[in-house]
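Structure, as structure tokens:
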Amino acid sequence: MFDIKSITRKNILNMQAYSSARSEFKGKADVWLDANENPNTTNLNRYPDPLQLQLKGEISKLKNVPLEQIFIGNGSDEAIDLLFRAFCEPGKNKATIFTPTYGMYKVSAAINNVELVEIPLTKTFELPNQQTITSKTKEGGLLFICSPNNPTGNSIELERIRQVAAEFKGIVVIDEAYIDFSPNKRAVSLLGEIPNLVVLQTFSKAYGLAGARLGMAFASPEIITILNKIKPPYNVNTLSIKAALEVIQNKEYVQEQIAQIIIERKRLRIALLNLLFVQKIYPSDANFLLVEFEDSESIFTQLIGKGIVVRNRNSQVKNCLRITIGTAEENQKLLNVLNEISR
Ligand SMILES: *Cc1c(COP(=O)(O)O)cnc(C)c1O
């Protein structure tokens, strides 16, 4: 049986969480003299709900996950950092990533003094076979799978995720930052059967709130309790909570935007493939395309000269640029400039 206590850092198990004024008294009252706030209203003079229960109620309905299995962080980057702090003893436990992938796992590992095991994805950016993974991850700790993966754009099948999690004795983190652009089944559907699973999602991509810094972690109530215990008391601010509640109310509008981005993704792919210096475009379930050029550095520099910034991923995948799907107008500008360069 998977026992969450056995893989949690001892100091985290033993510590007492900070008890804020807003978490000690939760009842109804008229006069609030418990938190040393300025009593004059600015709409922001009160501390936010430390557990963001109203927002979690809406996310629970939206994602079909029970409220006690939801953590909200200051971006999913905060959840990533908290997972290291909770489940990796510095200098002792390890974290595993499959490269190329999102850069923050490596940065968080370094900040927390946790050794990183980097296992390369296959040529088509699939997970290597289970034997390879098992032999390199015997010690447990944290294991990250990004799906759809950044910067490659492809997804990992849930069946593979199930297999990896069953063999792994630490925590398996599925980062689904781009899942809203993907037709595939969500990993939250596995939460009931896999106790060592954490699924990350975010309001930063499809939901258009990158500036609000709101990330979600879905996991067992035991794991969520630990994350809540070690997070800063007021990690999500009132303005961001309000912005998220509004965007959830307008979720049909978000769906329209996602559909539009997916149409543009297809259009951009077809148009880019017409350019002679484009070698290859990888399949994408996300809101970007990983495009291989004859000489990516040269294209990158020329695009910047025309005021168009894409992400240079040459150091991760040779001669590749990662191009975010913009508005129809932005994408057309990109295509016009690339057509000019090709002449
Ligand atoms: C963009 C992105 C995130 C989002 O991070 P936030 O802190 O929620 O903005 C997480 N994971 C991956 C793989 C990403 O590309």
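Counting starts at 1 for both ligands and their atoms, in listed order. Index from 1, following the sequence. This is a predicted model, so every value here is computed, not measured.
At a heavy-atom cutoff of 4.0 Å, ligand 1 is contacted by both the backbone and the side chain of Asp77.
Residue Tyr105 has no nitrogen or oxygen atom sitting less than 3.5 Å from a nitrogen or oxygen atom of ligand 1, judged on distance alone. Not a single N or O atom of Asn74, backbone or side chain, sits closer than 3.5 Å to an N or O atom of ligand 1.
Environment of CD in Glu68: crowded, with over 12 heavy atoms of neighbouring residues, nucleotides or ligands closer than 6.0 Å.
Taking both residues in full, the closest heavy atoms of Asn228 and Lys231 are given as O-CG, 3.5 Å, listed atom of the first, atom of the second, then distance.
Looking only at protein heavy atoms, the nearest one to atom 11 (N) of ligand 1 is Asp175 OD2, 2.6 Å.
Counting only N and O atoms by type, the side chains of Gln316 and Arg311 include no donor and acceptor under 3.5 Å apart. Using a 3.5 Å distance cut-off with no hydrogens or angles, the side chains of Thr122 and Glu126 do not pair a donor with an acceptor.
You'll find the ring centres of Phe144 and Phe87 outside the 6.0 Å limit. Checked against the 6.0 Å centroid threshold, Phe98 and Phe125 do not count as a close aromatic pair.
For Cys146, the closest heavy-atom approach to ligand 1 falls below 4.0 Å. Using a 4.0 Å cutoff on heavy atoms, Glu78 does not count as a contact of ligand 1. Heavy-atom distances between Phe203 and ligand 1 stay at or above 4.0 Å for every pair.
Taking a cut-off of under 4.0 Å to the non-hydrogen atoms of Arg213, the atoms of ligand 1 that pass are 6 (P), 7 (O), 9 (O). Every atom of ligand 1 with a heavy atom of Ala177 under 4.0 Å away is listed here by number and element: 2 (C), 3 (C), 10 (C), 11 (N), 12 (C), 14 (C). Atoms of ligand 1 lying under 4.0 Å from at least one heavy atom of Tyr178, given by number and element, are 1 (C), 14 (C), 15 (O). Every atom of ligand 1 is numbered from 1 in the order shown, and the set under 4.0 Å from a heavy atom of Lys205 is 1 (C), 2 (C), 3 (C), 4 (C), 14 (C), 15 (O).
When Ser204, Ala212, Ser76 are ranked by how near their heavy atoms come to atom 9 (O) of ligand 1, first place goes to Ser204.
Of the residues Leu143, Thr137, Leu142, Val117, the one that meets the side chain to side chain contact (heavy atoms under 4.5 Å, CB included) test with Lys94 is Val117.
The side-chain tip of Arg22 does not point at the ring of Tyr47 from less than 6.0 angstrom away and within 45° of straight on.
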